[in-house]
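This report concerns only the one structure given below.
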Amino acid sequence: MKQIGDIAAGRLSEAELAANFADVHPPLSLDEALIEASRCYFCFDAPCVQACPTGIDIPGFIRRIATGNLKGSAVKILEENIFGGSCARVCPTEILCEGACVRNTQEERPVKIGLLQRHATDWLMQRNMQPFERAQPTGKKIAVVGAGPAGLACAHRLARYGHEVVVFEAKPKPGGLNEYGVAAYKLTDGFARREVDFLLGIGGIRIEYGKTLGKDLSLGRLRQDYDAVFLGLGQAGVKALGLDEAKLAGVEDAVAFIARLRQTADKRTIAVGRRVVVIGGGNTAIDAAVQARKLGAEEVSLVYRRGPEQMSATQWEQDFAKLNGVQIRHWAAPVRLLGEAGVVSGVEFARTRLGPDGALTLTEERFTLPADMVLSAIGQVFIMPATDEVPRIEGGRIVVDADRQTSLARVFAGGDCIAGPDLTVQAVQDGKCAAEAIHRMLSGKRED
Amino acid sequence: MADLSIEFAGIRAPNPFWLASAPPTDKEYNVTRAFRAGWGGVVWKTLGEDPPIVNTASRYGAVHYNGSRMAGFNNIELISDRPVDVNLREIVAVKRAWPDRAVVVSLMVPCNEESWKRMLKRVEETGCDGVELNFGCPHGMSERGMGSAVGQVPEYVEMVTRWCKQHTRMPVIVKLTPNVTDIRAPARAAKRGGADAVSLINTVQSITGVDLDRMTPEPVVDGQGTHGGYCGPAVKPIALRMVAELARDPELKGLPISGIGGISNWRDSAEFIALGAGSVQVCTAAMHYGFRIVEEMRDGLANWMDEKGYGRISDFCGRAVRNFVNWEDLNLNYVTKARINQELCIACGLCHIACEDTSHQAIAVHRDGDRRRFEVIDAECVGCNLCMHVCPVTGCITMEPQPNGLPRLTWKHHPHNPERLEAAE
Ligand SMILES: Cc1cc2nc3c(=O)[nH]c(=O)nc-3n(C[C@H](O)[C@H](O)[C@H](O)COP(=O)(O)OP(=O)(O)OC[C@H]3O[C@@H](n4cnc5c(N)ncnc54)[C@H](O)[C@@H]3O)c2cc1C
Ligand SMILES: Cc1cc2nc3c(=O)[nH]c(=O)nc-3n(C[C@H](O)[C@H](O)[C@H](O)COP(=O)(O)O)c2cc1C
Ligand code: SF4
């Protein structure tokens, strides 16, 4: 056993890895789905619908499951959220729909909305059915930048209305963080890709890969060539620890680590430290920590500078991490990376507390955690590509109105590059709202 | 997409889903909300002569079965408790605002020709699409010689129907009470009287429960109770049978049937239509969940029709009637055996105990270590299928046909039948 720098691939067998990275929430059987569906009260003006950022008619789709109308159920879902399949798998339902379920008040056991949503959408997708037909071509062309959930949701809605959409994507694959970011055990069996193929089945959407705004394309040019532009750029940057991390091997950004894991065909090739320290308090930190454990890391600590209530990771995510053997430590901030011969060996932390003014302060108390691998997950940031025309940016995000229109005429934006919860379902809602606004704008124009 | 529109007894509607005559169709406010939600038609809450009747508090009893609320529902409500004038004015307004929807007015007046004639004239002036004669209400009105007191006497049914046909040009639908021994008798009477259609079922006389502290049948009205009319999911099987009975009666051939009783979703509706209903009516499910249930009924039925290749309601209306036969026409040489899918089996043992205690001792228990295994003893299994129904896992127990090479043999020709027919063929 290496004393430091113990980073190795293939810590677990293929079978162990397969078990570790299987679906966290396996699909419901038919009986389970029927029993679960019968638990839905079919509430009036249902709180779950209010809590879903895309406003899916949840009681409506559940009732359709109960009556064996699976197609109708899936269409209900996809009508509001074309990523209903991945949202069913990745949404933190405990703080969204299921968190609002009236059964929580009655018995602390909400209807399993996410799993029911999966039941219906799987049914449709397994039959290769297209839920919607494309309207007659309108002759309008819209450019979408970014093939993540925001961009593709926008593209799909526009294509439905008969517009022609060209999606420019910097990467060689579609899906955005569904493809590169979300934990492997949430989207198994290539689902992210299958869902994009399903969505493109509507027709009228062309994706051009390897096209980066700011490098191969300019916003000014897109505005000239297209009737409208939608920016679904996500957040390309990550916050740095600011501790000279670049100099030590074994220190990595958590998002990059997850992307490697998501992209490999064989998880035995992914190297992971024996002792891993993850720094951060959001879902990315949780995902990185849990996946490190699932790859075979012996000890994984997640260190967050504030308390459990302030973590942006939901309670369910925190419990899930603990269940998977991740040690969560609160009230500590990294102050120094330790290393030998260019290789990281540990992290020195200062204990923190809230000062009298409520501000976080470092105390004199220090401790060190030995580490072979340090994953930094203290947040992603939006970086506006350098291009000729730039919409107004505030607080590090593109400013939009309720229609997701930016300060530039005919330029809309949504998803992680605008303010709001950084969630797949929110990105979908943004893309959908922008598409509706673009459609209104373009059809209004036609009437003149 | 399948076309859901219908023409029922000359009345057109964009879909076969009508609200039955009951509180949901009691006034303009409700009916407008119902039409906005997408219902194809309504049968207005039954009108009677002024002064209006008076209702009690409470009015409803319910059977909540294993956590499922309102599996059965019971009411002791009477007909409309609002003045005729008010109702008629609202009917005019509704029909004018919703010309494409079916608006049928339900009527119940005392059993004399003048009363019916007077009422029909006023109703006809509203521009509504037809009338439904309420010969079904099993409580309150029947004691006054109306409702099921008429519906239970075929001669009265025929007489009143005839009066109505004489005094109106509107289609006349006769609503039947299930509280009779042979549903065909009042239906045939209605036909003889000239009815354009029948609708069924109205509610079944019932007591839903007894308050054992107050020693009173429910619902309790100041320490007493009365029998009411039962409806909701629990009565669907009764209603289906009655609808099918009329649909296959040669004497009633061609008489349109509006199916009512426990319909809650598209599937229930499809079943009624398959057994001969040309439209369906809903009360309890709407009272439970509101008018929005029609959305699911519409798209569920359309999706299913698309899947089956039925373009219109008439393409499958009555399709199951020819397969509804008398017991004596069933093939007694047809053999099935229960099959337990051991991979799905959760080893609860319910199939075993049901068969062992109450049927044919055809399911054996084997113990492999601490796991129990249930197996069908083919020699004992008579193919009754009780085990399939008690098994909590869908698809775990199936009944597999056992080809035996024997010809079709019905009771009519069976050697055990002392009155058997000698093989004719
Ligand atoms: C590790 C991780 C785990 C997550 N887990 C969850 C989860 O479980 N549940 C959940 O709801 N949310 C989760 N999220 C958040 C969620 O993934 C995002 O909110 C969502 O993907 C945002 O969608 P988007 O379309 O705005 O951006 P992205 O998904 O980031 O897509 C943006 C796309 O634009 C492309 N792009 C960027 N810049 C350019 C450019 N200049 N030119 C061309 N193309 C460009 C990118 O390559 C990318 O394909 C997670 C995020 C991370 C980082
Ligand atoms: C509260 C209540 C009031 C009813 N009032 C009438 C009525 O006025 N006239 C009538 O023909 N049927 C009346 N019915 C019977 C319904 O129209 C319908 O035939 C019966 O409820 C069966 O349908 P369901 O199972 O969908 O409820 C009433 C039913 C209920 C529950
Ligand atoms: S999209 Fe997400 S939040 Fe909305 S209903 Fe589905 S699982 Fe719940």
Side-chain angles (χ1 to χ4, degrees), chain A residues 27-46 48-49 55-80 102-103 106-107 109 111 116 119-121 123-124 126-135, chain B residues 1-2 4 17 33 37-38 64-71 233 236 262-271 282 284-308 341 343-346 348 350 388 390-398:
Chain A
L28 298 175
S29 68
L30 177 66
D31 280 330
E32 285 173 312
L34 291 175
I35 291 169
E36 207 48 39
S38 73
R39 295 185 63 238
C40 173
Y41 289 137
F42 200 54
C43 301
F44 158 72
D45 196 8
C48 54
V49 180
I56 293 173
D57 173 3
I58 296 165
F61 93 71
I62 294 180
R63 189 169 175 84
R64 283 164 174 77
I65 293 178
T67 64
N69 177 7
L70 272 306
K71 180 178 176 203
S73 179
V75 170
K76 262 267 150 226
I77 295 162
L78 300 166
E79 202 164 75
E80 294 300 344
V102 299
R103 287 234 181 214
Q106 192 184 24
E107 55 173 348
R109 209 163 61 91
V111 174
L116 286 171
H119 185 75
T121 48
W123 185 93
L124 187 103
Q126 278 158 7
R127 282 161 187 75
N128 288 318
M129 284 182 175
Q130 275 296 319
F132 309 108
E133 257 176 50
R134 204 175 162 219
Chain B
M1 196 69 159
L4 297 184
F17 306 113
R33 285 175 68 86
H64 308 303
Y65 192 71
N66 280 354
S68 201
R69 296 193 79 82
M70 285 171 63
K236 183 185 120 184
I263 297 170
S264 311
N265 55 51
W266 75 266
R267 188 180 289 273
D268 298 334
S269 314
E271 290 172 15
V282 176
T284 303
M287 290 183 74
H288 194 168
Y289 295 114
F291 294 140
R292 62 210 162 116
I293 55 168
V294 76
E295 266 182 58
E296 184 284 326
M297 299 174 93
R298 278 164 48 199
D299 91 34
L301 186 63
N303 283 339
W304 172 79
M305 286 170 66
D306 286 347
E307 188 190 315
K308 295 287 176 191
N341 181 332
E343 266 161 36
L344 296 179
C345 174
I346 55 173
C348 68
L350 287 179
M388 183 181 94
V390 300
C391 177
V393 184
T394 307
C396 174
I397 300 184
T398 46

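Here is how names work: the chains are called A, B, and so on, in the same order as the sequence lines, proteins then strands, and each is numbered from 1.
Between chain B and the options A:Ser29, A:Ser38, A:Gly60, A:Cys43, heavy-atom pairs under 4.5 Å are most frequent for A:Cys43. Taking chain B as the reference chain and counting heavy-atom pairs below 4.5 Å, the highest number among A:Arg64, A:Lys76, A:Lys71 is found for A:Arg64. Ranked by heavy-atom pairs under 4.5 Å with chain A, the list B:Leu301, B:Asp268, B:Asp299 is led by B:Asp299.
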Between B:Arg267 and B:Glu296, is a salt bridge (charged side-chain N to carboxylate O under 4.0 Å, His left out) present by the stated rule, with each step listed?
CA-CA 10 Å; B:Arg267 188 180 289 273; B:Glu296 184 284 326; over 6 Å; no
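Of the charged side-chain nitrogens involved, none lies within less than 4.0 Å of a carboxylate oxygen, so that A:Arg63 and B:Glu295 do not count as a salt-bridged pair.
Under a 3.5 Å cut-off, the side chain of B:His64 and the backbone N or O of B:Met70 do form a donor-acceptor pair.
Proximity to chain A (any heavy atom under 4.5 Å) is restricted, for B:Trp266, to the side chain, taken from C-beta onward.
In this structure, B:Arg292 is positioned above the aromatic face of A:Phe42, its NZ or CZ under 6.0 Å from the six-membered ring centre and within 45° of the axis.
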